[in-house]
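Down below is the structure, laid out as structure tokens.
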Amino acid sequence: MSVFEKFKSLHHQDTPLLLGNAWNVASARTMQEKGLKAIATSSSAIADTLGYADGENISFPELFHVVRRIVQCVDVPVSADIEAGYSNSIEGLLANIDLLVEAGVVGVNLEDSSASASRTLLPAEDFVSKLTAIKEHLAKKGKQLFINARTDTFLLDVPGKLEETFKRARLYEEAGADSFFVPFIKEPADIRAVVGATALPLNVMSMKELPAFSELAALGVKRISMGGSVYWAQKRALGSRLEQIVEDDSFITLF
């Protein structure tokens, strides 16, 4: 079984795939050591570690360097969060895809919103054009890449978000997406409705109000992403640790 097929099969089990979202090699290795079966990257976390705001403010070469090092240093499948593709053209997007495939990346997370000025939802047809171009490009090269199509209907709380999500699920499925990602969806009724609207495995993301993993499995969710939540929690913990060191006037709490 190829790495692609192995990764794909993880999205079609009774138990949802718990996906670790890493920001460097150390975090990726720790996730692997703790038994996670696959790793993705977190664009917001990687950007923050290098001093950038989220939303493609980091350059693709900088992002790619981190992604490639993670792939080189773990044994589990790695998927890359490439936001909206890090290019204003289809040609540039496909060039980025080629680099990722050559580096051993097994999948990508591609979103249908743009964060250029303020985050806005792009026309579904524009995203379908991206998906179609990627699929046709890979087919010509005899390559495979798992595409997690992310819609930001719930993240942006657009009017009629559930119906718009149904529409985009159908269009993205027809365009060849391998899974469907709806960040910020959290209500069980909404999750169940989206699961019923597409044959694609549904991916949800870490949120305080997100149901427990067992309930998500019962609702039909197939992939659970940590997003940047583990990174941001660790950053807060670092701040607390440093405050304790200053307060204690000692390093005793480190040992």
Side-chain angles (χ1 to χ4, degrees), residues 1-13 17 19 21 38-41 43 56 60-61 63-64 67-68 70-71 76-115 120-153 155 164-183 194-195 197-205 221-223 225:
M1 182 184 294
S2 69
V3 178
F4 171 83
E5 292 296 336
K6 177 181 178 182
F7 186 63
K8 185 176 182 178
S9 70
L10 293 173
H11 295 75
H12 296 274
Q13 305 177 121
L17 168 63
L19 195 66
N21 289 92
I39 290 169
T41 58
S43 61
E56 295 194 7
F60 183 76
L63 178 79
F64 178 66
V67 172
R68 180 171 55 187
I70 290 173
V71 173
V76 297
V78 176
S79 179
D81 179 358
I82 59 169
E83 302 193 65
Y86 287 82
S87 176
N88 293 321
S89 71
I90 292 294
E91 293 75 18
L93 169 60
L94 296 179
N96 291 342
I97 292 292
D98 283 341
L99 288 172
L100 292 165
V101 171
E102 290 166 12
V105 169
V106 72
V108 293
N109 186 77
L110 188 66
E111 60 198 41
D112 64 4
S113 67
S114 170
T120 55
L121 194 66
L122 300 172
E125 294 73 19
D126 290 357
F127 192 72
V128 165
S129 295
K130 284 185 177 181
L131 289 175
T132 302
I134 292 171
K135 285 293 183 177
E136 290 178 350
H137 180 73
L138 291 169
K140 287 178 182 177
K141 293 202 162 193
K143 302 292 185 181
Q144 291 179 305
L145 187 71
F146 190 99
I147 301 178
N148 188 40
R150 167 178 147 173
T151 185
D152 284 342
T153 48
L155 186 152
E164 184 65 21
T165 302
F166 294 160
K167 168 191 167 184
R168 289 175 183 252
R170 176 177 55 79
L171 290 173
Y172 300 170
E173 181 179 342
E174 291 173 352
D178 296 288
S179 59
F180 188 54
F181 183 21
V182 188
V194 175
V195 167
T198 178
L200 294 176
L202 179 63
N203 182 183
V204 299
M205 188 176 75
V221 169
K222 294 299 183 181
R223 170 164 154 170
S225 297

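These numbers come from the heavy atoms of this one structure, side chains and all, not from hydrogens, waters or symmetry mates.
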Do the side-chain N and O atoms of Thr120 and Ser114 include a donor-acceptor pair separated by under 3.5 angstrom?
no
Say whether Asn148 and Ser79, considering side chains only, have a donor N or O and an acceptor N or O under 3.5 Å apart.
no
Filter on salt bridge (Lys or Arg N to Asp or Glu O under 4.0 Å), then keep only pairs touching residues 80-103, sequence neighbours left out; what's left?
Asp98-Lys141
Measuring from atom [atom1] of [X] to atom [atom2] of [Y], what distance do you get when rounded to the nearest 0.5 angstrom?
X: Leu121; Y: Leu155; atom1: CG; atom2: CG; value: 10.0 Å
X: Ser43; Y: Glu111; atom1: OG; atom2: CD; value: 6.5 Å
X: Glu174; Y: Thr132; atom1: CD; atom2: OG1; value: 10.0 Å
X: Glu5; Y: Phe146; atom1: CD; atom2: CZ; value: 10.5 Å
X: Leu17; Y: His12; atom1: CG; atom2: NE2; value: 11.0 Å
X: Ser179; Y: Lys222; atom1: OG; atom2: NZ; value: 12.5 Å

Partners meeting side-chain hydrogen bond (donor to acceptor under 3.5 Å, both in side chains) with Glu56 (sequence neighbours left out)
none
Closest contact, heavy atoms only, [X] versus [Y]:
X: Ser225; Y: Asn203; value: OG-ND2, 3.1 Å
X: Val221; Y: Leu202; value: CG1-O, 3.6 Å
X: Leu94; Y: Ala133; value: CD2-O, 3.8 Å
X: Ala84; Y: Leu110; value: C-CD1, 3.7 Å
X: Asn96; Y: Ser87; value: ND2-CB, 4.2 Å
X: Leu93; Y: Gly85; value: CD1-CA, 3.6 Å

Please identify which of these residues, Phe127, Phe181, Tyr172, meets the side-chain contact (heavy atoms from CB on, under 4.5 Å) condition with Thr151.
Tyr172
Thr41 and side-chain contact (heavy atoms from CB on, under 4.5 Å): which single residue from Ile82, Asn109, Asn21, Ile70 fits?
Ile70
Do [X] and [Y] touch side chain to side chain, with heavy atoms closer than 4.5 Å?
X: Leu100; Y: Phe60; value: yes
X: Leu138; Y: Ile97; value: yes
X: Leu122; Y: Asp152; value: no
X: Val106; Y: Leu145; value: no
X: Val67; Y: Val105; value: yes
X: Lys143; Y: Phe4; value: no

Does Lys6 offer a backbone N or O that forms a donor-acceptor pair with the side chain of Ser9 under 3.5 Å?
yes
Indicate yes or no for a side-chain donor-acceptor contact from Lys135 to the backbone of Gly176 under 3.5 Å, with no hydrogens or angles considered.
yes
Have a look at Asp112 and tell me which of Arg150, Arg168, Lys130 forms a salt bridge (charged side-chain N to carboxylate O under 4.0 Å, His left out) with it.
Arg168
So His11 and Phe7, would you call those rings parallel, tilted or perpendicular, with 30° and 60° as cut-offs?
perpendicular
Taking CG in Asn88 as the centre, count heavy atoms belonging to other residues, nucleotides or ligands within less than 6.0 Å. Is the count above 12?
no
Can you list the steps and then say if Glu173 with Thr198 is a side chain to side chain donor-acceptor pair (under 3.5 Å)?
CA-CA 7 Å; Glu173 181 179 342; Thr198 178; 2.9 Å; yes
